[in-house]
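Note that the numbering runs from 1 along the sequence shown for the chain. All values below were derived from every heavy atom in this structure, side-chain atoms included, with hydrogens, water molecules and symmetry-related copies excluded.
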Amino acid sequence: MQLLDGVLVSGHIKEQIKQEVIDWQAGGGKKPHLAAVLVGNNPASEAYVGSKVKHCDELGFDSTLLRLPADISEADLISEVNKLNNDDAVDGILVQLPLPDHISPDSVINAINPDKDVDGFHPISQGRMLLGQPTFLPATPYGIMLMLEYYKINTSGMHCVVIGRSNIVGTPMTILMSRNGNPGNATVTMCHSRTKNLKDFTLSADIIVAAIGRPKYVTEDMVKEGAIVIDVGINRIEDATRKSGTRLVGDVDFENVAPKCSYITPVPKGVGLMTICGLMKNTLLAAKMRAK
Ligand code: L34
């Protein structure tokens, strides 16, 4: 079993991005500038957005963190997004999800200028991805593809089972893994909460992408010997032995599944770190495209 190490791969990609920013500026380009919008103060969102801003500093990007109150109206949030759309200094915009219940995430995402959609969530970005046109890929699936690429895993002809059908992970993963490319060229099955006999599918999988959002949902009896397991889950469970009283676990029962795998991502220090890499690569791309 080999660990797909998010610290190692993201470290390598961050060095590449840093150098690319230096070269870009040496050629007269301006620093890429990411604007992150955080509504309310969900502790997990605070941590992820904080990490994104920190990465901007580390890689030589400018950043703006716009904090807005949890009771902001949808119309006011959209008007803040519009200000960022019209701010020529800003290259990339992300609105951290989840949003409070009274705000429709679709309406807010639709308001982002697709040229600045570094999350790759806008219908234009997703449509381009579906058609195989150049675009911003959603950060988590993009990060997973970068990780498979780094380890030179040849996915051609493999059976890939994606569990989960969200717009930001499950659905785009099925598209990227089935497209004609490497990584890609896999035969993909999409499973979800209504799938009957899930185990019948996962047991024939060469690659499992677990994006369900339930702790330790994928158990040892569901995984074929030698499979590659990508764990997208980030679930906080109670753990009295920790100082914080909680601990992070993925959607995979890592301890029991890992011995069967050829490769597996850990949680933490796996896909989460790659998500940030995907975002940073998209932001650099946005800056370069906008300069043209
Ligand atoms: N708009 N909303 C928008 N874009 C995104 O790309 C996200 N996502 C998801 C939640 N909402 C979003 C993130 O940023 C999840 N996510 C994310 C980002 C980073 C990490 C995890 C999830 C991460 O850095 N994880 C580390 C540390 C985890 C910890 O200790 O809390 C890890 O090692 O997994």
**Message:** Would you say CE of Met1 has more than 12 non-hydrogen atoms from neighbouring residues, nucleotides or ligands within 6.0 angstrom?
**Reply:** yes
**Fill in**
In this structure, CD1 of Ile212 is separated from OG of Ser193 (nearest 0.5 Å) by 10.5 Å
**Item:** Heavy-atom pair with the smallest gap, counting every atom of Asp239 and Arg247
**Value:** OD2-NE, 2.9 Å
**Request:** Return the minimal non-hydrogen interatomic distance between Ala70 and His102, and the atom names on each side.
**Result:** O-CE1, 3.1 Å
**Item:** Centroid-centroid under 6.0 Å between Tyr150 and His12 rings
**Value:** yes
**Request:** Would you name the heavy atoms of Asp115 and Arg290 that are closest together and state the gap between them?
**Result:** O-CD, 4.2 Å
**Request:** Establish whether Leu273 and Val271 are linked, either directly or via other cluster members, by ILVMFWY side-chain heavy-atom contacts under 4.5 Å.
**Result:** no
**For Ile230, the option from Asp251, Val209, Ile264 that meets side chain to side chain contact (heavy atoms under 4.5 Å, CB included)** = Val209
**Asked** So among Asp88, Asn86, Ile93, which one has a side chain to side chain contact (heavy atoms under 4.5 Å, CB included) with Val90?
**Response** Ile93
**Item:** Basic-acidic side-chain contact under 4.0 Å: Lys31, Asp91
**Value:** no
**Message:** Check Lys288 with Glu20, please: is the shortest side-chain N to carboxylate O separation under 4.0 Å?
**Reply:** yes
**Value rounded to 0.5 Å, distance of CD in Gln126 from CG in Leu131** = 11.5 Å
**Evaluation steps, side chain to side chain contact (heavy atoms under 4.5 Å, CB included), between Asp119 and Leu279** = CA-CA 6 Å; Asp119 261 336; Leu279 172 71; 4.2 Å; yes
**Message:** Quick check on the hydrophobic clustering: are Val252 and Val169 connected, directly or via other members, by side-chain heavy-atom contacts under 4.5 Å?
**Reply:** no
**Message:** Testing the 3.5 Å rule here: is there a donor-acceptor pair between the side chains of His33 and Thr64?
**Reply:** yes
**Prompt:** Distance-only, no hydrogens or angles: does the Glu74 side chain make a donor-acceptor pair with backbone N or O of Pro105 under 3.5 Å?
**Reply:** no
**Prompt:** In terms of hydrophobic clusters joined by side-chain contacts under 4.5 Å, are Tyr263 and Leu176 together?
**Reply:** yes
**Asked** Hey, is NZ on Lys54 packed in by over 12 heavy atoms from elsewhere, all under 6.0 Å?
**Response** no
